[in-house]
Amino acid sequence: MRKNRRLGLTIAFAVLAGVTTATAAGAAPSSTTSTASQSANEICGYWEDRFGSSFYTHCGKTDVAIRTIYQNGTTSEGCVAPGRTFLDGKQKATYAYYIYPC
């Protein structure tokens with residue numbers, strides 16, 4: 001898990017900087033767009049807006065499970081549909097990544 005967290009931070013910083021990253025299969029999601037129908041500015045995977053709100057955008061065509069890591073160190077898993085999902089609720093999300101298809 002520690003390795004994924006480091007990779008996640010690298011990707012999160014790359015996303016904030018607008019850098020395209022590539023990852024190995026089973027690793028944290030990439031910030032690249034995966035389909036031609038996605039906007040050129042669409043960020044796939046975990047990202048934060050300029051106000052600090054956390055989101056996960058799934059650019060595929062099927063539902064996937066993601067693991068969300070929160071500021072207090074807890075995690076949760078859940079399925080998300082294609083498109084943007086707001087992650088912050090009672091807790092502030094600090095990262096989220098793909099784990100398997102739903």
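Positions are given from 1, in the same order as the sequence printed here. Heavy atoms only: backbone and side chains are in, while hydrogens, waters and symmetry mates are out.
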Least distance between heavy atoms, [X] atom then [Y] atom:
X: E48; Y: A93; value: OE2-O, 4.2 Å
X: A65; Y: C102; value: N-SG, 3.3 Å
X: R67; Y: I99; value: NH1-CG2, 3.8 Å
X: A81; Y: H58; value: O-CB, 3.8 Å

Does the plane of the ring in F55 sit parallel, tilted or perpendicular to the ring in F86? Use 30° and 60° as the thresholds.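 Aromatic pair F55/F86 classed perpendicular.
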I need the [X] [atom1] to [Y] [atom2] distance, nearest 0.5 Å.
X: C44; Y: Y98; atom1: SG; atom2: OH; result: 14.0 Å
X: C59; Y: Y56; atom1: SG; atom2: OH; result: 8.5 Å
X: T75; Y: Q91; atom1: OG1; atom2: CD; result: 11.5 Å
X: K90; Y: T74; atom1: NZ; atom2: OG1; result: 12.0 Å

T94 side-chain N/O to I69 backbone N/O, donor-acceptor pair under 3.5 Å: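 A pair under 3.5 Å: yes.
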Is there a donor-acceptor contact under 3.5 Å from the side chain of T85 to the main chain of V80?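 Such a contact is absent between T85 side chain and V80 backbone.
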Given side chains that start at C-beta, do those of D63 and P82 come closer than 4.5 Å, heavy atoms only?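 Sidechains of P82 and D63: in contact.
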With a 4.5 Å heavy-atom cut-off, do L87 and Y46 have their side chains touching?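 In short, these two side chains touch, coming nearer than 4.5 Å.
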Less than 3.5 Å apart, any donor N or O on the side chain of D88 or S53 sitting next to an acceptor on the other?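 No, because no side-chain N or O of D88 sits under 3.5 Å from a partner of the opposite role on S53.
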